[in-house]
Amino acid sequence: MVEELVKQIESRFAELGAQMTDPDVISDRTRYAEAGRAYRQLEGAAKLAAEWRHAKDDAGGAEELLTEMGEDSELREELGQARRQIEQLEEELRLAMVERDPNDEKSVIVEIQGGAGGDEAGLWAGDLYRMLVRYAERRGWQTEPLDIGEGKYTFAVKGDGAYSVFKFEGGTHRVQRVPQTESQGRIHTSTAT
């Protein structure tokens with residue numbers, strides 16, 4: 001099954017590569033842009049397919065040497081390592097071939113607003129803002145603050161795949177904690193949307 005998937009990826013990637021160098025496609029902006037987008041989206045899966053082929057060859061070579069030379073601990077370890085890598089790459093290939101959301105390439109605007117809980121809700125909204133900005137930066141996306149202040153935070157996240165991650169960040173976020181504004185150590189519940 002994975003062998004068939006790898007063949008499909010390799011043939012489609014080769015086909016797209018040929019389209020990218022075809023003068024007829026290059027002269028048509030729309031076709032060239034579509035081919036370029038498809039090529040870029042399939043590039044990661046094509047790399048995984050090449051790594052999978054390499055790991056398969058390593059495993060096959062190690063098995064062949066084991067049958068010819070007899071038991072060897074180094075070859076046995078190499079074979080085990082190649083098989084583990086093959087399993088990991090097969091899973092990554094399956095994930096890479098999941099159909100992308102058509103809006104994945106779009107940027108997103110996130111708005112966080114303090115809800116119930118008074119001043120603590122504004123502090124909680126600020127904590128959420130910092131958390132989401134750090135998360136976006138770790139993923140390699142650019143963040144741009146649009147409107148910041150008084151428990152309300154609006155910012156843009158730009159980068160490939162940002163929309164598909166942040167589209168699920170809707171609704172109310174609730175926290176129960178002893179707030180910084182509490183002098184007697186009582187637990188408060190605060191929300192932010």
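A quick note: this is a predicted structure, and the numbers were derived from the prediction, not measured.
Sparse packing is recorded around CD1 of I109, with 12 or fewer heavy atoms of other residues, nucleotides or ligands lying under 6.0 Å away. Atom CZ of R53 has more than 12 neighbouring heavy atoms from other residues, nucleotides or ligands inside a 6.0 Å radius. Within 6.0 Å of CD in E111 there are more than 12 heavy atoms belonging to other residues, nucleotides or ligands. With a 6.0 Å radius and a threshold of 12 heavy atoms from other residues, nucleotides or ligands, E137 has its CD atom above the threshold. At most 12 non-hydrogen atoms from other residues, nucleotides or ligands lie less than 6.0 angstrom from CD of E150.
Legend: ring-ring contact (aromatic ring centres under 6.0 Å, His included) pairs involving residues 31-79, not counting sequence neighbours, sorted by first then second residue: F13-Y39.
Hydrophobic cluster membership is shared by M20 and I26, with clusters built from Ile, Leu, Val, Met, Phe, Trp and Tyr side chains linked at under 4.5 angstrom.
R174 has its side chain within reach of T189: a pair of non-hydrogen atoms, C-beta onward, lies under 4.5 Å apart. In this structure, the side chains of F155 and D147 stay at 4.5 Å or more apart for every pair of heavy atoms.
What you find for G159 and S107 is that their closest heavy atoms are N-OG, 4.3 Å.
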Kindly list each side-chain donor-acceptor pair under 3.5 angstrom involving residues 128-135, sequence neighbours excluded, with atom names and distances?
residue : atom : partner : partner atom : Å
R130    : NH1  : G126    : O            : 3.2
R130    : NH2  : D127    : OD1          : 2.5
Y135    : OH   : R139    : NH1          : 2.6

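Using modelled atom types, one finds no donor on one side chain facing an acceptor on the other under 3.5 Å when comparing T193 with Q113.
Clustering of Ile, Leu, Val, Met, Phe, Trp and Tyr by side-chain heavy atoms under 4.5 Å joins I187 with V178.
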